[in-house]
Protein chains: 2
Amino acid sequence: MSGNDARDRRAERNLASRREIVSAAWAAARAEGLAGLSMRDLGSRVGMRAQSIYVYYPSKHAIYDAMFSEANQEILDRISAVPVSGDPVELLRRYTHVYLRFCNEDAVRYQLLYQRNILGFEPSAESYALASSGLEMIRRCLRACGVTSSRAFDVWTAMISGLAAQQMANEPGGKRWLRLADELTDMYIARYAPAHSKEKK
Amino acid sequence: MSGNDARDRRAERNLASRREIVSAAWAAARAEGLAGLSMRDLGSRVGMRAQSIYVYYPSKHAIYDAMFSEANQEILDRISAVPVSGDPVELLRRYTHVYLRFCNEDAVRYQLLYQRNILGFEPSAESYALASSGLEMIRRCLRACGVTSSRAFDVWTAMISGLAAQQMANEPGGKRWLRLADELTDMYIARYAPAHSKEKK
DNA sequence: GTCTATATTTGGATAGAC
DNA sequence: GTCTATCCAAATATAGAC
């Protein structure tokens, strides 16, 4: 029926516009800074007046939230796409590599996801759930390596997020710290999962 | 001479006002967020009109810079005050404790010093020098522990800044990650300075 | 769904009287 | 050194015509 077709087309176009807005928001944030995102600039990037954006998103915070959610979905997808075969320690290395590469690719995305400091912005509960489920995959992998205590898990997240933090703060896009990932992993495994360590005791 | 006295009193009052302004700026940043610091709010906190602040600081960035510099001086002072006696590994632990406590005390200060993300603000060269000289003390201490490679030094800073980053991001003011410092240090020393390790090989 | 027009607020910064 | 007055620019958001 043509009524349904028209409705579908409308919904399709609406969705496309929403996507275009978020995509332009990323570009704007990369150019002007995350906090410098403005509706006027964003509008001009999608060929609209700023006011028209409110048809698609009710507020600027809603756009931040869409960006936050999209980025969380992206890292979750990438982690999920890692083939789960063979040695769990090898899997841990692959996860780590994927995560660090993800952080290092985009400073603005890193800031939005991991340095909560946009004025009054708090991400929605669903976005949090995405982030947690990524963490859960890491936790399972560590368990497969023989690491079970939550202390040891916190040690792991501290080490890896520390690599990312130093890299982003001091040399964004570089690899001075990122290349230390395997070294840190070896040290960690030798201490917390000696059965999987390549180093003989 | 009374001319000099008057000049001194003026200089003194001027300095006191400058200090009061920076102190109020910290309070404002803690209340409104670092990026939310505004001259009007700051003025009202020191009992002035916003415009009068320009007598003491030529711009808002200059105030950020004063805050940045003050904070760097503070951590440098604290690190310098640590008594340098006995085992270098013990000294390393003390340094680490001082640093982590410093980070955890004040989220806004942490953000200003270690998460460079204020709009167009870039700290002055002198402030950078302060920060570098604190890092240099850590480097010397690690050398005394027998750690010499720059790779190993980067591993150390990644680990410790990772503890701080996780603590600040997930549980500011708490100690879920901070309490892992000694555990991380043990692991690190065992790997990079086995001669100083308590664990027998 | 996009526009014009506008309300409303807020920001940093300057000029000049006192 | 502080004030009043003001400039100027920019922001988010709403109302209503088309």
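FYI, side chains are in, hydrogens and waters are out, and symmetry mates aren't considered; it's all heavy atoms of this structure. Just so it is clear: chains get the letters A, B, ... in the order the sequence lines come, proteins before strands, and each one is counted from 1.
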Footprint ends on DNA chain C, 5' to 3', for atoms under 4.0 angstrom from a heavy atom of chain B, come out as C:dG11 to C:dT14
Euclidean distance, atom [atom1] of residue [X] to atom [atom2] of [N] [Å, nearest integer]:
| X | N | atom1 | atom2 | answer |
| --- | --- | --- | --- | --- |
| A:Phe121 | D:dT12 | CZ | C1' | 17 Å |
| A:Gln51 | D:dA11 | CD | P | 12 Å |
| A:Ile53 | D:dT14 | CD1 | P | 14 Å |
| A:His61 | D:dA11 | NE2 | C1' | 13 Å |
| A:Tyr64 | D:dA11 | OH | C1' | 12 Å |

Would you indicate what [X] reaches in the nucleic acid, counting non-hydrogen atoms under 4.0 angstrom: base, sugar-phosphate, or nothing?
| X | result |
| --- | --- |
| A:Ser52 | base |
| A:Ser17 | nothing |
| A:Ile63 | nothing |

Check the angle between the aromatic planes of B:Phe68 and B:Tyr128 and answer parallel, tilted or perpendicular using the 30° and 60° thresholds. perpendicular
A:Phe121 vs A:Tyr64 aromatic rings, parallel, tilted or perpendicular, using cut-offs 30° and 60°? tilted
Do A:Arg9 and A:Glu12 sit within salt-bridge range, that is, some charged N less than 4.0 Å from a carboxylate O?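 Here A:Arg9 does not pair with A:Glu12 in a salt bridge, since their nearest N and O are not under 4.0 Å apart.
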So that I can tick it off, tell me whether A:Arg94 and A:Asp87 are bridged by a salt bridge, with the cut-off set at under 4.0 angstrom between side-chain N and carboxylate O.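 Looking at A:Arg94 together with A:Asp87, the answer is no, because their closest N to O distance does not fall below 4.0 Å.
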Please confirm whether A:Arg151 makes a cation-pi placement over A:Tyr192, using NZ or CZ under 6.0 Å from the six-membered ring centre and within 45° of the ring normal.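 That pair does not qualify as a cation-pi contact.
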If you take atom types as modelled and just measure distance, does the side chain of A:Arg40 reach the base of D:dA11 with a donor-acceptor pair under 3.5 Å? yes
Rounded distance [0.5 Å steps], CG in B:Asp8 versus CG in B:Leu15: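 Going from CG on B:Asp8 over to CG on B:Leu15, the span is 12.0 Å.
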